[in-house]
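Only one structure is covered here, and it is reproduced in the block below.
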2 protein chains.
Amino acid sequence: MNKTPHILVVDDNPEIRDLVSRFLIKDGYRVSTAGDGREMHKALADKRIDLILLDLMLPGEDGLSLCRTIRSTSNIPIIMVTAKGEEIDRVLGLEMGADDYIAKPFGTREVLARIKAVLRRVSGETSTQEASPRTKYSFAKWILDVDKRELLSADGIVTPLSTGEYDLLMAFVERPKRVLSRDQLLDLARGRSASVYDRSIDTQVSRLRRKMELDPKSPEIIKTVWGGGYIFTPEVSQS
Amino acid sequence: MNKTPHILVVDDNPEIRDLVSRFLIKDGYRVSTAGDGREMHKALADKRIDLILLDLMLPGEDGLSLCRTIRSTSNIPIIMVTAKGEEIDRVLGLEMGADDYIAKPFGTREVLARIKAVLRRVSGETSTQEASPRTKYSFAKWILDVDKRELLSADGIVTPLSTGEYDLLMAFVERPKRVLSRDQLLDLARGRSASVYDRSIDTQVSRLRRKMELDPKSPEIIKTVWGGGYIFTPEVSQS
DNA sequence: AAAAAAGTGTGTCTAATTGTGACAATCCAG
DNA sequence: CTGGATTGTCACAATTAGACACACTTTTTT
């Protein structure tokens, strides 16, 4: 794991979000924030998150409930954050699937230490990675087998994909009909953010098109949005 | 996203609108204002708004109610503004779908910080307001396929459109039979406002006409409104 | 462990798209 | 009808994307 971990800070207080983001970034992490459950789910759908810092008290669905929801579909590590005096919930939080627990007010050193510890602990596990709920996607004349990481044409013939090509295609397939910037794609497929003159996504898109498009010169599946990025146009169905 | 965000300031007090607009513009944002719900809805229909600064107390329909109305059709980020002493409404505001909350009187730095924070948070999400429920529009002898970003003649033959041509046509198709100024079109299609001698829309309209009109010299679909802009005349139906 | 193969990203050149300036054509007020 | 303002369109410059070669990494094979 040489990629810098991407941490999602979920707290309804914007000042706390800002404060925490700032020192996490300073320590070299990539950070996204969310103010409630809805935003959290959006972030989880759009980005490859490595760890969630989840406040217990939230408007709408509360932290415990969110924690359980996340656990039902993935095993992203979660650190619960709670205001002092709510310590009773510690056991409950851990039972809900949180990986650690920290009480407000907290020092930056403490949070950093816990994050590091949890990440180290989790990376050691032969992370079977989140159990993908669906195992096959169909689109255009292709089938993407998530379990086998294989691309099949409709008649079942395998088209070999490299790791990077597969990851990029996966990012597209899971977010069809949406314009995705190069930066987003890089985050989703590679887990890193773009550097100044980064053209690697273009190259990889070009390679994918060569393998998948009937006529790579006028692509039907992955289209270019000039000045914006790329968009995966086909209807995707799961099976 | 390199386009400068467009912020809509909704407040019934003209002095506050002016004050806020001024420092937002100074900070590089594009700004529109509205004094009540009616004007707000007009602005939302006419321009591509990236964020709404919404005062809680308004004549007619109040801020909370407007907030809910907006949320029912879009997910444009909203920051609620409220006079001091109304802090009780904080949770209520967030539950109504606001993304953040700020109390009057506020410092400019505070407002700018919150706006920046909300925009950054949202920028990772689906490009703000292109959740078109319908995927195809028909007009004249053309069909515009929104998913595939393709223009088809009635017999199904594809007419290639560049990204900019597609975006402009989309702006027209979604607002047919209305005079649209160059400034509006630039905002809707490009997400930026016109500079002094901006003729790019004219050029792009010319290019669209060349591809779509039977006789580009006497256009039937996109007509010129002398001194006003352009108007998309055909009846548009969705399918 | 060394060698070979496959995969990935950067730099360069080419192609496509877009915006701007120029100038002709058109429109409208007086 | 005339003149200034506005619009249509062309050519060109600037920006962005595609393709390809090559260097650098990682993985696999020997």
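None of these values were measured; they are calculated from a predicted model. Chain identifiers are assigned alphabetically (A, B, ...) following the order of the sequence lines, protein sequences preceding nucleic acid strands; residue numbering begins at 1 within each chain.
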Euclidean distance, atom NZ of residue Lys217(A) to atom P of dC20(D) [Å, nearest integer]: 6 Å
Atom-pair distance (CG on Asp167(A); C1' on dT8(C)), nearest Å: 12 Å
Between C1' of dT17(C) and CG of Leu208(B), the distance in whole Å: 13 Å
Value in whole Å for how far the C1' atom of dT6(D) lies from CD1 of Ile201(B): 16 Å
Partner set under side-chain contact (heavy atoms from CB on, under 4.5 Å) for Ala194(A), not counting sequence neighbours: Asp183(A), Leu186(A), Asp198(A)
Polar side-chain atom of Arg71(B) near backbone of Ile76(B) as donor-acceptor pair, under 3.5 Å: yes
For atom NZ of Lys211(B) and atom P of dG8(D), their distance in whole Å: 18 Å
Donor-acceptor contact present, side-chain Glu220(A) to main-chain Leu214(A), <3.5 Å: no
Protein-nucleotide distance (Asp202(A), atom CG; dT10(C), atom P), rounded to Å: 11 Å
Side-chain N or O of Tyr230(A) closer than 4.0 Å to phosphate OP1/OP2 of dG18(D): yes
Side-chain donor or acceptor of Arg175(B) paired with backbone N/O of Ala45(B) under 3.5 Å: yes
Charged N-O contact under 4.0 Å between Asp46(A) and Arg178(A): yes
Going by atom type alone, with no hydrogens or angles, which donor-acceptor pairs under 3.5 Å involve a side-chain atom of residues 165-172 of chain B and a protein atom two or more places apart or on another chain?
from      : atom 1 : to        : atom 2 : distance (Å)
Glu165(B) : OE1    : Ser162(B) : N      : 2.9
Glu165(B) : OE1    : Lys211(B) : NZ     : 2.8
Tyr166(B) : OH     : Val146(B) : O      : 3.4
Asp167(B) : OD1    : Arg149(B) : NH2    : 3.3

Side chain of Gln204(A) (C-beta onward), nearest among dT18(C), dG9(C), dC20(D): dG9(C)
Sugar-phosphate only, base, or nothing, as touched by Thr224(B) at under 4.0 Å among non-hydrogen atoms: sugar-phosphate
Residue of the set His6(A), Arg30(A), Met40(A) for which side-chain contact (heavy atoms from CB on, under 4.5 Å) holds with Ile49(A): His6(A)
Atom-to-atom span, CG of Asp198(A) to C1' of dG18(D) - whole angstrom: 16 Å
Salt bridge (Lys or Arg N to Asp or Glu O under 4.0 Å) involving Arg22(A) - partner list, sequence neighbours excluded: none
OP1 or OP2 of dT9(D) under 4.0 Å from side-chain N/O of Ser206(B): yes
dG18(D) phosphate, OP1 or OP2, under 4.0 Å from Arg209(A) side-chain N/O: yes
Nucleotides 23-30 of chain C: protein proximity per nucleotide (B base, S sugar-phosphate only, - neither; heavy atom, under 4.0 Å): ----BS--
Donor/acceptor link under 3.5 angstrom from Arg207(A) side chain onto base of dG9(C): yes
Under the salt bridge (Lys or Arg N to Asp or Glu O under 4.0 Å) test, residues paired with Arg207(A) that sit two or more places apart: none
Rounded distance in Å - OH (Tyr197(B)) to C1' (dG8(D)): 18 Å
DNA chain D-proximal residues of residues 182-196 of chain B, any heavy atom under 4.0 Å: Arg182(B)
